[in-house]
Amino acid sequence: MPGAIYAEGLVKAFGDVRALDGVDLDVPEGTVLGLLGPNGAGKTTAVRCLTTLLRPDSGKAVVAGIDVLKHPNEVRRSIGLSGQFAAVDEYLTGRENLQMVGQLYQMRAKAAKARAVELLEQFHLSDAADRPAKTYSGGMRRRLDLAAALVVSPPVMFMDEPTTGLDPRNRQQLWEVIKQLVSGGTTLLLTTQYLEEADHLAHDIAVVDRGHVIARGTSDQLKARTGGERVEVVVHEREHMATAAEVLAGFGKGSTTLEQHTRKLTVPVTGGAKLLAEVIRELDIRGIEIDDIGLRRPTLDDVFLSLTGHAAETEAGEDDLEADTGHQSEKEAAK
Ligand SMILES: Nc1ncnc2c1ncn2[C@@H]1O[C@H](COP(=O)(O)OP(=O)(O)OP(=O)(O)O)[C@@H](O)[C@H]1O
Ligand SMILES: [Mg+2]
């Protein structure tokens, strides 16, 4: 039986650009799928197709058990989307915005008011509740927008980069809200540029590149695919790097990488903590003082890098990296 979000062979082209080139997705009810991919990979296009905002050229999509192409209006009633549906009205206050959404969903005025208070509290907007949204900072708007998407708790939610532009504290708080939501049974598809976010929230991850799902699995499965563990050593004296490299070569399962400026050596290993103890002992016998040593497992960033051939963007301001990716992003295209 297909999951709460199901897509098969979704294709969407814009002129020559095949934004989606046969995307398959299946998200079991009550779970979170993290959709990862470089700029221009097709994440937003996939979300827009699944939420009825865009009609795919071909393929099939079923959301909350409803055929998206045949019954878009019914689908709209069963989903929440942060970003588009919950458009914030600049001239209304935060409170009024949330009450209005409640009323659009036919909540009684009293219930809509109570829900607004609850959400304002949850998203730390109580102090600003009665100011027009146009006076809100970027992060506050983002939170109001997300709160609006949560006024009625729909069984299926889509969030396109929900925490982009939020500071670390607000991001953490939103993660808590999302976890609560999912523990209540909501199915969620979320796109994100923050791999840590996917690692933290997503049961399953689908990596998209050039309109294709190129990898799929849990964070651990993807990490295991990327390669095993490494020992990283930072030696105290740069002159000791050569000797340290010799020591590591004796334990490594591959070639040692040296980073002169940070005095860091890295070697792939198998054997875990026991091996680490042996490496430390051997370095000590050779009289090599170390500043830091550790066993490092691949991060989701390593996975992303090895799958797509380039690193995920971390913070806004690194947009110039896009030039190296060979993709054209939405923002670029708009210029
Ligand atoms: N309305 C449109 N008209 C023309 N091209 C579009 C349109 N929307 C998207 N595209 C193109 O489709 C491709 C996929 O875009 P999409 O916005 O889905 O990527 P994304 O993965 O969401 O990227 P980002 O990480 O930058 O948000 C890009 O090449 C983009 O330029
Ligand atoms: Mg996008």
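Quick note: numbers below take in every heavy atom, side chains included, and nothing from hydrogens, waters or symmetry partners.
- Checked by atom type, the side-chain pair Tyr6/Glu8 shows a donor-acceptor distance below 3.5 Å.
- The minimum heavy-atom distance linking Asn39 with Gln193 is given by the pair ND2-NE2, 3.3 Å.
- In summary, the side chains of Thr52 and Arg76 do present a donor paired with an acceptor at a separation below 3.5 Å, with no hydrogens or angles considered.
- Note that CE of Met157 is 6.5 Å distant from CG of Leu188, once rounded to the nearest 0.5 Å.
- Among all heavy-atom pairs drawn from Ala206 and Val213, the shortest one is CB-CG1, 4.1 Å.
- In this structure, Glu74 places its CD atom where more than 12 heavy-atom neighbours from other residues, nucleotides or ligands lie under 6.0 Å away.
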Practice item. Go through the steps to decide whether Val267 and Phe251 satisfy the test side chain to side chain contact (heavy atoms under 4.5 Å, CB included), and finish with yes or no. Key: CA-CA 8 Å; Val267 69; Phe251 293 97; 5.8 Å; no
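- When atom types are taken as modelled, the side chain of Arg95 and the backbone of Ser126 share no donor-acceptor pair closer than 3.5 angstrom.
- The salt bridge (charged side-chain N to carboxylate O under 4.0 Å, His left out) pairs that include a residue from residues 230-241 are Arg230-Asp302, Glu232-Lys264, Glu232-Arg296, where partners are two or more places apart or lie in different chains.
- No side-chain donor-acceptor contact under 3.5 Å links Thr186 to the backbone of Pro155.
- Rounding to the nearest 0.5 Å places CG of Leu248 at 5.5 Å from OG1 of Thr256.
- Ala215 and Leu307 get closest at one heavy-atom pair: CB-CD1, 3.6 Å.
- The shortest side-chain heavy-atom distance between His212 and Val23 does not fall under the 4.5 Å cut-off.
- Atom CD of Gln99 sits about 8.5 Å away from atom CG of Leu120, to the nearest 0.5 Å.
- Ile290 contributes atom CD1, which lies 8.0 Å from atom CG of Asp284 (distance to the nearest 0.5 angstrom).
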Practice item. Show the numbers, then the answer: is there a side chain to side chain contact (heavy atoms under 4.5 Å, CB included) between Thr187 and Ile5? Key: CA-CA 8 Å; Thr187 308; Ile5 303 171; 4.2 Å; yes
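- Put simply, CG on Leu125 and CG on Leu119 are 9.5 Å apart, with the number rounded to the nearest 0.5 Å.
- Not counting sequence neighbours, the partners of Glu282 by the salt bridge (Lys or Arg N to Asp or Glu O under 4.0 Å) test are Arg286.
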Review point. Do Ser82 and Asp145 pass the side-chain hydrogen bond (donor to acceptor under 3.5 Å, both in side chains) test, and can you show the C-alpha distance, the side-chain angles, and the key distance before you say yes or no?
Key: CA-CA 6 Å; Ser82 87; Asp145 177 56; 4.6 Å; no
Practice item. Evaluate the criterion side chain to side chain contact (heavy atoms under 4.5 Å, CB included) for residue pair Phe123 and Leu146; output intermediate values, then yes/no. Key: CA-CA 9 Å; Phe123 285 88; Leu146 287 161; 4.0 Å; yes
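- Distance alone, capped at 3.5 Å, is enough to place a donor-acceptor pair between the Gln221 side chain and the Thr218 backbone.
- Remark: side-chain polar atoms of Asp204 are not paired, donor with acceptor, to backbone N or O of Leu33 under 3.5 angstrom.
- Environment of CG in Asp167: crowded, with over 12 heavy atoms of neighbouring residues, nucleotides or ligands closer than 6.0 Å.
- Using modelled atom types, one side-chain atom of Asp57 and one backbone atom of Ala13 make a donor-acceptor pair closer than 3.5 Å.
- For the pair Asp301 and Lys223, the salt-bridge criterion is not met [side-chain N within less than 4.0 Å of a carboxylate O].
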Check your understanding: Passes side chain to side chain contact (heavy atoms under 4.5 Å, CB included), Leu276 versus Ile293? Steps please.
Key -> CA-CA 8 Å; Leu276 189 63; Ile293 188 163; 3.8 Å; yes
Exercise for review: Might you work through the salt bridge (Lys or Arg N to Asp or Glu O under 4.0 Å) test for Glu161 and Arg142, ending with a clear yes or no?
Suggested key: CA-CA 10 Å; Glu161 299 196 29; Arg142 190 94 213 168; over 6 Å; no
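- Formation of a donor-acceptor pair under 3.5 Å by the Asp209 side chain with backbone atoms of Ala41 is not found in this model.
- Taking the side chain as every heavy atom from C-beta outward, Leu69 and Pro56 approach each other to under 4.5 Å.
- Judged by distance alone, the side chain of Lys43 and the main-chain N or O of Gly37 form a donor-acceptor pair under 3.5 Å.
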Which pairs of donor and acceptor atoms, one on a side chain in residues 178-185, lie under 3.5 Å apart (sequence neighbours left out)?
from   : atom 1 : to     : atom 2 : distance (Å)
Lys179 : NZ     : His200 : NE2    : 3.2
Gln180 : OE1    : Gln122 : NE2    : 3.4
Ser183 : OG     : Lys179 : O      : 3.4
Ser183 : OG     : Gln180 : O      : 2.8

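- At least one side-chain heavy atom of Phe158 sits under 4.5 Å from a side-chain heavy atom of Leu50.
- In this structure, Val156 and Leu189 have side chains that are not in contact, with every pair of non-hydrogen atoms separated by 4.5 Å or more.
- Side-chain contact, Tyr194 with Arg171: a donor N or O sits under 3.5 Å from an acceptor N or O.
- Taking all atoms of both residues into account, the shortest heavy-atom contact from Leu300 to Ala198 is CD2-CB, 4.1 Å.
- Under a cut-off of 6.0 angstrom, the local environment of CZ in Arg131 is crowded, with over 12 non-hydrogen atoms contributed by other residues, nucleotides or ligands.
- Using modelled atom types and a 3.5 Å distance limit, the side chains of Glu197 and Thr192 yield a donor-acceptor pair.
- A donor-acceptor contact shorter than 3.5 Å is absent between the side chain of Asp291 and the backbone of Val234.
- What you find for Leu20 and Gly42 is that their closest heavy atoms are CD2-O, 3.4 Å.
- The cationic group of Lys12 lies under 6.0 Å from the six-membered ring centre of Phe14 and within 45° of the ring axis, placing it in a cation-pi geometry.
- With Arg141 contributing its side chain and Glu90 its backbone, the two residues share no donor-acceptor pair below 3.5 Å.
- Contact check on Lys113 versus Glu118 returns no salt bridge, with no Lys/Arg side-chain nitrogen under 4.0 Å from an Asp/Glu carboxylate oxygen.
- Just one of Val63, Ile79, Thr51 meets the side chain to side chain contact (heavy atoms under 4.5 Å, CB included) condition when paired with Val68; it is Val63.
- Contact check for Thr191 versus Leu36: no side-chain heavy atoms found under the 4.5 Å cut-off.
- Applying the 6.0 Å contact sphere to CD of Glu121 captures no more than 12 heavy atoms from other residues, nucleotides or ligands.
- Between Gly22 and Val11, the shortest heavy-atom contact is N-CG2, 3.6 Å.
- The line from OG1 of Thr164 to CE of Met159 is 12.5 Å long, rounded to the nearest 0.5 Å.
- Under the 4.5 Å side-chain criterion, counting only non-hydrogen atoms from C-beta, Glu259 is not in contact with Leu265.
- Salt-bridge annotation for Asp21 and Arg210: absent, with no side-chain N of the basic residue lying under 4.0 Å from a carboxylate O of the acidic one.
- Tested against Ile288 for a side chain to side chain contact (heavy atoms under 4.5 Å, CB included), the candidates Ile280, Val233, Val235 yield a single pass: Val235.
- Taking the side chain as every heavy atom from C-beta outward, Ser78 and Pro154 never approach each other to under 4.5 Å.
- Each of Leu54, Asp160, Leu53, Leu35 was scored for a side chain to side chain contact (heavy atoms under 4.5 Å, CB included) with Thr44, with one residue passing: Asp160.
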